[in-house]
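All remarks here apply to the structure that follows.
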Amino acid sequence: MAGEVEKLDENEWWSRIQQLKQGSQQELIIKRNFGRDGQNTLANMAQNQGLYFHAYNKGKALVFSKVPLPDYRADLDERHGSTQNEIKMSTETERRVVNLLARSKDTSTQSSSTSTFTRAEKQPLSSMPISRSESSSSFDTMKEKFSSELRELQNSKKASLSAKAMLAFREKLPAYKLKDEFLKAVADNQVLVVSGETGCGKTTQLPQFILEQEIEHLRGADCSIICTQPRRISAISVAARIASERGESLGETVGYQIRLEAKRSERTRLLFCTTGVLLRRLVQEPDLAGVSHLLVDEIHERGINEDFLIIILRDLLPRRPDLRLILMSATLNADLFSRYFGNAPVIHIPGFTFPVAELFLEDILEKTRYKIKPEFDNYQGNSRRRRRQPSAKSDPLTEMFEDVDVDIQYKNYSLPTRQSLEAWAGGQLDLGLVEATIEHICRHEGDGAILVFLTGWDEISKLLEKIKVNTYLGNSSKFLVLPLHGSMPTVNQREIFDRPPSNMRQIVLATNIAESSITIDDVVYVIDCGKAKETSYDALNKLACLLPSWISKASAHQRRGRAGRVQPGECYRLYPKVLHDAMPQYQLPEILRTPLQELCLNIKSLQLGAIAAFLAKALQPPDPLSVKNAIEILKTIGALDDTEELTALGRHLCKLPLDPNIGKMLLMGSIFQCLDPALTIAAALAHRDPFVLPINRKEEADAVKRSFAGDSCSDHIALLKAFEAWKGAKRSGRERAFCWENFLSPITLQMMDDMRNQFLDLLSDIGFVNKSKGAKAYNHYGDDMEMICAVLCAGLYPNVIQCKRRGKRTAFYSKDVGKVDIHPSSVNAGVHLFPLPYMIYSDKVKTSSIYIRDSTNISDYALLLFGGSLMPSKSGEGIEMLGGYLHFSAPVSTLHLIQRLRGELDKLLQRKIEVPALDVLSEGIDVVAAAVELLHSQNVYQ
DNA sequence: GTCAAAGGC
């Protein structure tokens, strides 16, 4: 059935596609011989031509067809055929299941009545009319009274002595000098873009100017100013700063609101919140009724939430002519936002930082006399050969430098420097160079902390080791070296913020976390390796990647700025100046680098119309193929129907602040009586891994995690058991010791606990849980490992891989990308044989290989009963799933029994989703018991 | 054989 595979050049494809359209041929199969960007364009254009497109075998075979294509075709897959899994059910099990099914009530007659419910639910999600009509005269009087009260209070605070000192401080900020110009621009324009460097005071002053003016003009009661921040910590700290500048306590006129935490009151007029909080609020208030001014801060960071918000706001402005929108950005790309909003005026505020001297690789080599040794695999000494054979990993920027003629470009530099530049390989960071640079600063430059930007855990750990054995830097009475990484326990410690003893120099080895999330005050020297690990999304292979790459000029600028906060500083850049000049201006916005299913669900939830059309309005619209993939997943998990409308399940998922798969897992847990485990696992997957990665005691940490997993072959169970043990330790008052001994982060665990409560509230809001019944009513199978794994399967599907025996080991295969590996941090890493034939996972990412980060070993029955829909296989003798990728064979009676049970389960589930209050235990006890019976009689894995 | 960073009514 496969047509002949053709090799085509990129410039031939268009005419061949035209031929396909006009001729009698059914399909065209192209073997890829060009880059991925070309493929995506090709795929999109072919689809515009009305042809179906699918990529097979890691995108090596591209198929265009006049008929819809299956998403798996063994004939085009060179990697492996998918194996049949033979299901052997014992007669005893079969008899029990048949009996249980016979006892179960026939639920099919009742399900028809639910359709009316579905239709009623399709009406707008919420309509909360603001009852302006009620504004009786007494209401107006109250507001007037409140407005003048606010003004009196503001004036009395201003008069106080401390306020005068505070004002003197504020007046020194660059933003203060533009106060009048800013307020006039806000009054005259609906949209305003403000650009300003760090330290200019825009975040603390501009919202405050508006607040002061509104109160002064007796509009205090009517105004509601919102300022969004991308991070929780900045929302709190900025709000606290402004409250103190106004001489008030936090939560009076100035407050904040972040997830699970708020300090605000009836009197709050200026609210700082995370962008996510505002997006959630938009579901209830699509017009932001009642908001007078909205400031969106840090938009230059181009986070997915901010980019999403901006599309919504541009559509909203005509409906809210009285709303004022102020976009705040770093200097570099303010014009981009101005153009997006119809050339909105831009105000620029100069920054206030100390000058930072810049040194590039060539200067550093000259100063340190460090000698770069040629790379082994790349080298045989002669530079011409190096140029002709660039290492496979090298990127365009590094290649660009390989073409530079060092002797000409650097003729004013010494010979050793030129030789080192010749040997420099941008593909790999030279830690010896970093060490030499640190030592140079410590020996020859003045006092002050050193901040080193590295890409990840491994580099931090190795450099730490190098410093420890360095004869000069290893002196722990003179140098305080601190690793700073999001998953290291030190992040939660205060050491980094405490000033070191005066005779010690602090050296911080950090990831990007120190670029914007954590500020270390007394940094004078920054060493920048020029790289960061960055996610990207390969739409063709439906694969997320996390690879080190060169940072943008904007990031490099931000890193440099970290040296000039307290006094003039120095920035040592471990890459040549010509490379810096060739860096991209900005990083690709997050919306172009991430899987989009959650965003797509939010678009439907906010009723913003067709997904693709909406996203096409973005500042930089995502690849249509990425959008298509996201919609495809939402359809597979049953959140969207064929017309891209929300299903009943989809509407429930909208209410949960979770990735749709994790949300579904949570709903399934509540339905199938594993509520507590589902809450815990959902919280961990949505937030972050509570296991920390200590730098010295990695093996111990690994062993602890494995002991939590027991023999479950599941990272998810390890999370669950760790959380439960923490709860126990907390009850007995030994939380701290417990966390320390078990390499767990108390902050993360506490956050998980709070999130569990939020999820429980939300499940109660949508009717799945009746809190008054107590936890016991929803945890009948809370200790049943097979049932918990089945719930994981129900939620995380189609994230499933096959485990196949290869001699004494097991190999793993996924439908989209073929062979994958278990991530070495998983409890399943290094295990050679597994009791069950599949793994379900929530995170697959390409780094040095394609890794499944967290996995749970599951049975055929878990997949058959809780996975994707069952299709009769083409041969007619079995069942297929996942577009033909998974095959199951069994005697006809077994197949029928499984299909019948699956049918009953689906019916029960559908009714429960449409009528959430339905009691599954009383309505479907026998069907669920039959499922449990099968799950417990696990097939022997061959 | 490995672990960038953020975020949610």
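Residue numbers begin at 1 in each chain, while the letters A, B, ... track the order of the sequences.
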State which of [options] makes the closest approach to the side chain of [X].
X: A:A829; options: B:dG1, B:dG7, B:dA6; answer: B:dG1
X: A:R231; options: B:dG7, B:dC3, B:dA4; answer: B:dG7
X: A:V277; options: B:dG1, B:dA5, B:dC9; answer: B:dC9
X: A:I513; options: B:dA6, B:dA4, B:dC9; answer: B:dA6
X: A:T847; options: B:dA4, B:dC3, B:dA5; answer: B:dC3
X: A:T511; options: B:dA5, B:dG7, B:dG1; answer: B:dA5
X: A:L546; options: B:dA4, B:dC9, B:dC3; answer: B:dA4
X: A:W457; options: B:dA6, B:dG1, B:dA4; answer: B:dA4

**Prompt:** Is a salt bridge present between A:D521 and A:R565, judged by a nitrogen-to-oxygen distance below 4.0 Å?
**Reply:** yes

Base, sugar-phosphate or nothing for [X]? Non-hydrogen atoms, less than 4.0 Å.
X: A:K698; result: base
X: A:G303; result: nothing
X: A:L279; result: nothing
X: A:Q758; result: sugar-phosphate

For [X] and [N], give me the distance from atom [atom1] to atom [atom2], rounded to whole Å.
X: A:M488; N: B:dA4; atom1: CE; atom2: P; result: 8 Å
X: A:I591; N: B:dA6; atom1: CD1; atom2: C1'; result: 16 Å
X: A:D307; N: B:dG7; atom1: CG; atom2: C1'; result: 14 Å
X: A:L588; N: B:dA6; atom1: CG; atom2: P; result: 20 Å
X: A:F308; N: B:dA6; atom1: CZ; atom2: C1'; result: 17 Å
X: A:H832; N: B:dG1; atom1: NE2; atom2: P; result: 11 Å
X: A:R259; N: B:dA6; atom1: CZ; atom2: P; result: 15 Å
X: A:K462; N: B:dT2; atom1: NZ; atom2: C1'; result: 10 Å

**Prompt:** Side chains of A:T680 and A:R756: do they bring a donor and an acceptor to under 3.5 Å?
**Reply:** yes

Does a nitrogen or oxygen in the side chain of [X] sit under 4.0 Å from OP1 or OP2 of [N]?
X: A:R688; N: B:dA6; result: yes
X: A:T535; N: B:dA4; result: no
X: A:H687; N: B:dA6; result: no
X: A:H823; N: B:dC3; result: yes

**Asked** On DNA chain B, nearest-nucleotide positions of A:L658 versus A:K533: which is more 5'?
**Response** A:K533

**Item:** Given DNA chain B, 5'-ward residue of the pair A:Q587 and A:L656, judged by closest heavy atom
**Value:** A:Q587

**Prompt:** Quick one: are the ring centres of A:H300 and A:F337 less than 6.0 Å apart?
**Reply:** no

**Asked** With under 30° as parallel and over 60° as perpendicular, where do the rings of A:H580 and A:Y575 fit, or are they tilted in between?
**Response** parallel

Can you give me every donor-acceptor pair (side chain of residues 658-665 of chain A, partner residue at least two apart or in another chain, under 3.5 Å) with its distance?
residue	atom	partner	partner atom	Å
A:D659	OD1	A:N661	N	3.0
A:N661	ND2	A:G795	O	2.9
A:N661	ND2	A:Y797	O	3.0
A:K664	NZ	A:I637	O	3.1

**Message:** Test of understanding: with salt bridge (charged side-chain N to carboxylate O under 4.0 Å, His left out), list the residues that count as partners of A:K698, not counting sequence neighbours.
**Reply:** none

